[in-house]
K.L.:
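I'd like to ask some things about the structure below.
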Amino acid sequence: MSDTAPTKSKHFLETIIEEDLASNKHEGRVVTRFPPEPNGYLHVGHARSIWVNFGLAQQYGGVCNLRFDDTNPEKESQEFIDAIQEDVRWLGYEWNGDARYASSYFDKLYEWALHLIREGKAYVCELSAEQASEYRGWATKPGKDSPYRERSVEENLELFEKMRAGGFDEGAASLRAKIDMASPNMNLRDPILYRIRKVEHHQTGDKWCIYPSYDFAHGQEDAIEGVTHSICTLEFQSHRALYDWFVENLPVPARPTQYEMGRLNLNYTVTSKRKLKQLVDENHVAGWDDPRMPTISGMRRRGFTPNSLKSFCEMIPVSAKNNSDVDVAQLEKAIRDDLNEQAPRAMCVMNPLKVTVINIDEADSGLEMKAANHPNKPELGERVIPFSETLYIDKADFNEDNTLSRKKFKRLVSGEYVRLRSAYIIKSEEVIKDDAGEIIELKVSLVPGTVGENVEGVKPRGVIHWVSAENGVKATIRDYDRLFSDPNPDAGEGDFLAHINPNSLKEYEGVVEPALAAAKPEDSFQFEREGYFVADRFDHAADKLVFNKTIGLRDVWSGK
RNA sequence: UGGGGUAUCGCCAAGCGGUAAGGCAACGGGUUUUGAUCCCGUCAUGCGGAGGUUCGAAUCCUCCUACCCCAGCCA
């Protein structure tokens, strides 16, 4: 193996896991977890987190848990839980055992809160949220102790029980860890462990009216599940001290470690759950799974494949240092590559212009054209495309002006030749216009002997796609573009909604070749010269064809 | 101006004292019945700035500068 091929360099998590495996830190176990809060749909960023956590477990013979971090019932719902599971499965990952819930550890967490109280390390504080904020101090100013900080263990036990039993109003009391109000790390200034929320929980019903905070729950959940490598994003770095504090001060069954990695941002899109929710709630899009949404379900409906999302993740290095602002072109590259390999080719005319072949009787190769389903993969077979006296080509593929240079316009112009893809070469003979001067029809002649052949003296300017008007099938084409026209819709003071691209969805009533009538929802095709399209997951039916544009073909010419 | 982080090509990023990987984008050229794919080539004397140590520094030291995170009873 004297290969000169560049080897993909290991990222920091792989290095850490390999070191841990080598030192037998966790008896050879690798347990990761993907811990979404069920308060929204998963997006690209989550896709990467899923890929990292499940991928690492797979790579090192470990397992990955799916755990719903459902400690805040106010924002969560079963709808999101169901959607999240569907997304993870669709990506092709299988979690270890049943899905877990932070809420199923509430009893244990409560017991551990009691433990901290008994150790004198937690107390019930009756400062209001505003007061607590004042007491917390400022970044450059140490906080001061809560007047409730020195209550006796007995009193705290009693008061915490009162909290649990609903004896306090929301906000009237909280359980806090007694750490250090002067700590330079704000997270250590007596953080909240439990707060009162008199709302029903989607999993535990009305059993609880106090709920643990993220900080008090997450590390302990990891410990309970035997998670060895708890991977989160950079903004939790300053929480690591707290994570460790709980794990050190509680009789937890294991010692997990938190590692932080950079978040993934994409330009021309927003990936904050709050903003995605706003787009849905205010009907700027048709729902969480609108094909313009960067949600997993949206991308799925747009025609992205699990493989394309995974290869996208592989393209983006995992970094411990920065949140990365990745160019959407990178994502587009991933889906184009996958679909270029997989998608059968077909023809679709989005803006039909009628074409009449005046010498159809000279069709010496017959009227059944054969076309390969994939130009580079003969094993994918071929299909028959009916040719006929009347056809459709795209309006954009004809121009009356025959002074256009052959280099600049490789399509049909008056009096010249063009090749119809997989069929005859035709010559434009006559242009028919309506009263308004609009071109409504073309009369053309076909050149005999040009199916699969070239003939001396006939030089088509290019190759264009077409569909038989007599056999083609009507189809609705949804042409999606980026939802935002600004590379960074989040930037600045302005409202991100102001950057919504008004042309992110264009609908066409087009015509597709008859073979496409058999397309099933979620089947992908390359409509030649146009791009990749997918039969809509929900709206496409045998008697009502609906195709969504996943992504256009790479186009190095239109911009020039 | 507290604490925690980060600064390497337009974007992402490797590099861990021995003379700047790779991907995306971009730009040339070749093949082509998709202006696609594919192929071939170009793209940081430079690593936030200024000093210093060293035969040698993106890597070590010093001092600057910029940006991100933490002041929810959100995660």
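Residue numbers start from 1 in every chain, and the chains themselves are labelled A, B, ... in the order their sequence lines are given, proteins ahead of strands.
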K.L.:
Toward the 5' end of RNA chain B, which comes first, Q526(A) or R240(A), by nearest nucleotide?
P.N.:
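Mapping each residue to its closest nucleotide by heavy atoms, the 5'-most match is R240(A).
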K.L.:
Given atom CG of D180(A) and atom P of G3(B), what is their separation to the nearest angstrom?
P.N.:
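Taking CG of D180(A) and P of G3(B), I get 14 Å after rounding.
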K.L.:
Determine whether the aromatic ring centres of residues F236(A) and Y243(A) are separated by less than 6.0 angstrom.
P.N.:
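No: the rings miss the under 6.0 Å criterion.
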K.L.:
May I have the distance from D215(A) (atom CG) to C70(B) (atom C1'), rounded to whole angstrom?
P.N.:
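Those two atoms, CG and C1', are 11 Å apart.
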K.L.:
Using a 4.0 Å heavy-atom cut-off across all strands, classify F236(A) as base, sugar-phosphate, or nothing.
P.N.:
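Counting heavy atoms under 4.0 Å across all strands, the contact made by F236(A) includes a base.
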K.L.:
Please give the nucleotide sitting opposite G28(B) as a Watson-Crick or G-U wobble pair, both distances under 3.5 Å, or none.
P.N.:
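Across any shown strand, G28(B) pairs with C40(B).
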K.L.:
Cation over ring, R482(A) on Y268(A), under 6.0 Å and within 45°?
P.N.:
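Judged by the rule (NZ or CZ under 6.0 Å from the ring centre, within 45° of its axis), R482(A) counts as positioned above Y268(A).
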K.L.:
Taking the P atom in each of C68(B) and A26(B), what is the distance between them to the nearest angstrom?
P.N.:
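That atom pair is separated by 29 Å.
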K.L.:
Heavy atoms only, 4.0 Å cut-off, all strands: where does P35(A) land among base, sugar-phosphate and nothing?
P.N.:
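Nothing: the residue P35(A), judged by heavy atoms under 4.0 Å, touches no strand.
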K.L.:
Quick check for you: among C24(B), A13(B), C70(B), whose closest atom lies nearest to any side-chain atom of N322(A)?
P.N.:
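For the N322(A) side chain, the nearest candidate turns out to be A13(B).
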K.L.:
Does R136(A) put a side-chain nitrogen or oxygen below 4.0 Å from OP1 or OP2 of G72(B)?
P.N.:
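Yes, R136(A) has a side-chain N/O under 4.0 Å of OP1/OP2 on G72(B).
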K.L.:
Answer yes or no: does a side-chain N or O of K410(A) lie under 4.0 Å from OP1 or OP2 of G35(B)?
P.N.:
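Looking at the OP1 and OP2 atoms of G35(B), neither is under 4.0 Å from any side-chain N or O of K410(A).
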K.L.:
Look at all strands and tell whether R411(A) reaches a base, only sugar-phosphate, or nothing, counting heavy atoms closer than 4.0 Å.
P.N.:
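Base, at least one base atom sits under 4.0 Å.
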K.L.:
Taking the six-membered ring where the residue is Trp, are the ring centres of F216(A) and Y194(A) under 6.0 Å apart?
P.N.:
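Yes, the ring centres sit under 6.0 Å apart.
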K.L.:
Compare side-chain N and O positions of R529(A) against OP1 and OP2 of G35(B) and report whether any pair is under 4.0 Å apart.
P.N.:
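So the side chain of R529(A) is within the cut-off, an N or O lying under 4.0 Å from OP1 or OP2 of G35(B).
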K.L.:
K321(A) side chain: which of C70(B), A14(B), C12(B) is closest?
P.N.:
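So the nucleotide nearest the side chain must be A14(B).
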K.L.:
Report the distance from atom CD1 of I316(A) to atom P of A13(B), rounded to the nearest whole Å.
P.N.:
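For the pair I316(A) CD1 and A13(B) P, the rounded distance is 9 Å.
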K.L.:
Could you let me know what A58(B) is paired to, Watson-Crick or G-U wobble, both distances under 3.5 Å, or none if it's on its own?
P.N.:
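When the pairing criteria are applied, nothing turns out to pair with A58(B), so the answer is none.
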K.L.:
Tell which nucleotide pairs with C47(B), taking only Watson-Crick or G-U wobble pairs whose two distances are both under 3.5 angstrom.
P.N.:
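Base partner found: none.
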K.L.:
In whole Å, I'd like the distance from the CZ atom of R554(A) to the C1' atom of C38(B).
P.N.:
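About 11 Å, once rounded to whole Å.
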K.L.:
Can you tell me if S324(A) touches the phosphate of C11(B), counting only side-chain N or O atoms and a distance under 4.0 Å to OP1 or OP2?
P.N.:
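So the side chain of S324(A) is outside the cut-off, no N or O lying under 4.0 Å from OP1 or OP2 of C11(B).
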K.L.:
For E134(A), report the nucleic acid contact type (base, sugar-phosphate, nothing); a contact means any heavy atom under 4.0 Å.
P.N.:
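No contact.
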K.L.:
Whole Å only: how far is the CG atom of L193(A) from the P atom of G72(B)?
P.N.:
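It is 17 Å, rounded to the nearest whole Å.
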K.L.:
Tell whether H239(A) reaches the base of A75(B) with its side chain through a donor-acceptor pair below 3.5 angstrom.
P.N.:
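Looking at the base of A75(B), it does pair with a donor or acceptor on the side chain of H239(A) (distance under 3.5 Å).
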K.L.:
Nearest of U34(B), C12(B), C74(B) to any side-chain atom of K75(A)?
P.N.:
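Of U34(B), C12(B), C74(B), C74(B) is nearest to the side chain of K75(A).
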K.L.:
Taking H218(A) for the side chain and D69(A) for the main chain, is one N or O donor matched with an acceptor at less than 3.5 Å?
P.N.:
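No; zero donor-acceptor contacts below 3.5 Å.
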K.L.:
Taking only the side-chain heavy atoms of T71(A) (C-beta and beyond), determine which of A75(B), C70(B), G35(B) contains the nearest atom.
P.N.:
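It is A75(B).
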K.L.:
By the definition ring-ring contact (aromatic ring centres under 6.0 Å, His included), identify the one residue from F527(A), F398(A), F387(A) that meets it with W466(A).
P.N.:
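Among F527(A), F398(A), F387(A), the one meeting ring-ring contact (aromatic ring centres under 6.0 Å, His included) with W466(A) is F387(A).
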K.L.:
Would you check if W208(A) and S103(A) make a side-chain contact, meaning some heavy-atom pair closer than 4.5 Å?
P.N.:
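Side-chain contact under 4.5 Å: no.
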K.L.:
Using the ring centroid of each side chain, check whether Y41(A) and F80(A) are separated by less than 6.0 Å.
P.N.:
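So the answer is yes for these two rings.
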K.L.:
When the C1' atoms of U19(B) and U62(B) are considered, how many whole Å apart are they?
P.N.:
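My reading of the C1' atoms in U19(B) and U62(B) gives 24 Å.
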K.L.:
Atom CD of E235(A) and atom P of G72(B): how far apart are they, to the nearest Å?
P.N.:
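To the nearest whole Å, that distance equals 16 Å.
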K.L.:
Heavy atoms only, 4.0 Å cut-off, all strands: where does L127(A) land among base, sugar-phosphate and nothing?
P.N.:
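Answer is base: heavy atoms of L127(A) come under 4.0 Å of a base.
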K.L.:
Using 30° and 60° as the class boundaries, would you call the ring planes of F160(A) and Y110(A) parallel, tilted or perpendicular?
P.N.:
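If you compare the ring of F160(A) with that of Y110(A), the planes turn out parallel.
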K.L.:
Under 4.0 Å between any heavy atoms, over every strand shown, what does G452(A) touch: base, sugar-phosphate, or nothing? Just pick one.
P.N.:
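Contact class for G452(A): base.
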K.L.:
Nearest to the side chain of A329(A), which nucleotide is it out of C24(B), C74(B), A13(B)?
P.N.:
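Minimum distance to the A329(A) side chain belongs to C24(B).
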K.L.:
A13(B), U34(B), A75(B): which one has an atom nearest the side-chain heavy atoms of E528(A)?
P.N.:
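Given the options A13(B), U34(B), A75(B), the side chain of E528(A) is closest to U34(B).
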K.L.:
Looking only at the aromatic ring of each residue, does the gap between the centers of Y259(A) and F12(A) stay below 6.0 angstrom?
P.N.:
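Centroid separation for F12(A) and Y259(A): 6.0 Å or greater.
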K.L.:
Under 4.0 Å from OP1 or OP2 of C74(B): is there any side-chain N or O of R195(A) that close?
P.N.:
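Affirmative; the distance criterion is met.
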K.L.:
In whole Å, what separates the C1' atom of G29(B) from that of C55(B)?
P.N.:
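Taking atom C1' in both G29(B) and C55(B), they lie 44 Å apart.
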K.L.:
Distance between the P atoms of U1(B) and G22(B), in whole angstroms?
P.N.:
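Roughly 40 Å separates the two P atoms.
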K.L.:
With nearest nucleotide decided by heavy atoms, which residue, A132(A) or P317(A), maps closer to the 5′ end of RNA chain B?
P.N.:
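Counting from the 5' end, the first nearest nucleotide belongs to P317(A).
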K.L.:
So is the aromatic ring of W557(A) stacked onto the base of G35(B), judging by whether the centres are under 5.5 Å apart and the planes are under 30° apart?
P.N.:
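One would call W557(A) stacked on the G35(B) base.
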K.L.:
I'd like the P distance from C43(B) over to G49(B), given in whole Å.
P.N.:
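Result for the P pair: 22 Å, nearest Å.
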K.L.:
Please report the distance separating the C1' of U8(B) from the corresponding atom of A44(B), rounded so that it comes out in whole Å.
P.N.:
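Rounded to whole Å, the distance is 8 Å.
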K.L.:
Give the rounded distance in Å between these two atoms: CZ of R33(A) and P of A75(B).
P.N.:
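Rounded to the whole Å, the gap is 15 Å.
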K.L.:
So what does V328(A) hit on the nucleic acid, given a heavy-atom distance under 4.0 Å: a base, only sugar-phosphate, or nothing?
P.N.:
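Touches nothing.
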K.L.:
Does G35(B) have a Watson-Crick or wobble partner in any strand here, with both distances under 3.5 angstrom, and which is it?
P.N.:
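Paired with G35(B), as far as the under-3.5 Å criterion goes, is no nucleotide at all.
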K.L.:
Taking the side chain of S238(A) as heavy atoms from C-beta outward, which of U37(B), G3(B), C74(B) is closest to it?
P.N.:
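Nearest nucleotide to the side chain: G3(B).
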K.L.:
What closest approach, in Å, do P73(A) and V199(A) show between heavy atoms, and which atom pair accounts for it?
P.N.:
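Heavy atoms only, the tightest pair is CG-CG2, 3.6 Å.
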K.L.:
What's the closest nucleotide to the side chain of R197(A) if the choices are A75(B), C74(B), G72(B)?
P.N.:
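That would be C74(B).
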K.L.:
Should A13(B) form a Watson-Crick or G-U wobble pair with both distances under 3.5 Å, which nucleotide is its partner?
P.N.:
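Partner of A13(B): none.
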K.L.:
Using purine N1 to pyrimidine N3 plus N6-O4 or O6-N4 for Watson-Crick, or N1-O2 and O6-N3 for G-U wobble, both under 3.5 Å, which nucleotide pairs with U6(B)?
P.N.:
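Partner of U6(B): A66(B).
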K.L.:
Which whole-number value in Å describes the distance from Q330(A) CD to G22(B) P?
P.N.:
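To the nearest whole Å, that distance equals 15 Å.
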K.L.:
Say you pick atom P in U45(B) and the same atom in A20(B); how far apart are they, in whole Å?
P.N.:
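Result for the P pair: 11 Å, nearest Å.
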K.L.:
At 4.0 Å (heavy atoms only), tell me whether R345(A) reaches a base, stays on the sugar-phosphate, or touches nothing.
P.N.:
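Base, at least one base heavy atom under 4.0 Å.
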K.L.:
Could you check G52(B) for me: syn (within 90° of 0) or anti?
P.N.:
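Here G52(B) takes the anti form, which means its glycosidic angle is more than 90° from 0.
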K.L.:
Does K407(A) reach a base, just sugar-phosphate, or nothing at all? Heavy atoms under 4.0 Å.
P.N.:
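Base contact - K407(A) has a heavy atom under 4.0 Å of at least one base atom.
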K.L.:
With rounding to whole Å, what would you report as the distance between A25(B) and U37(B) at their P atoms?
P.N.:
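To the nearest whole Å, 9 Å.
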K.L.:
Which nucleotide, U1(B), C12(B), A36(B), lies nearest any side-chain atom of T140(A)?
P.N.:
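The answer is U1(B), which lies nearest to the side chain.
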K.L.:
Heavy atoms from C-beta onward define the side chain here; which of G35(B), C11(B), U33(B) lies closest to that of R421(A)?
P.N.:
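Nearest to the side chain of R421(A) among the choices is U33(B).
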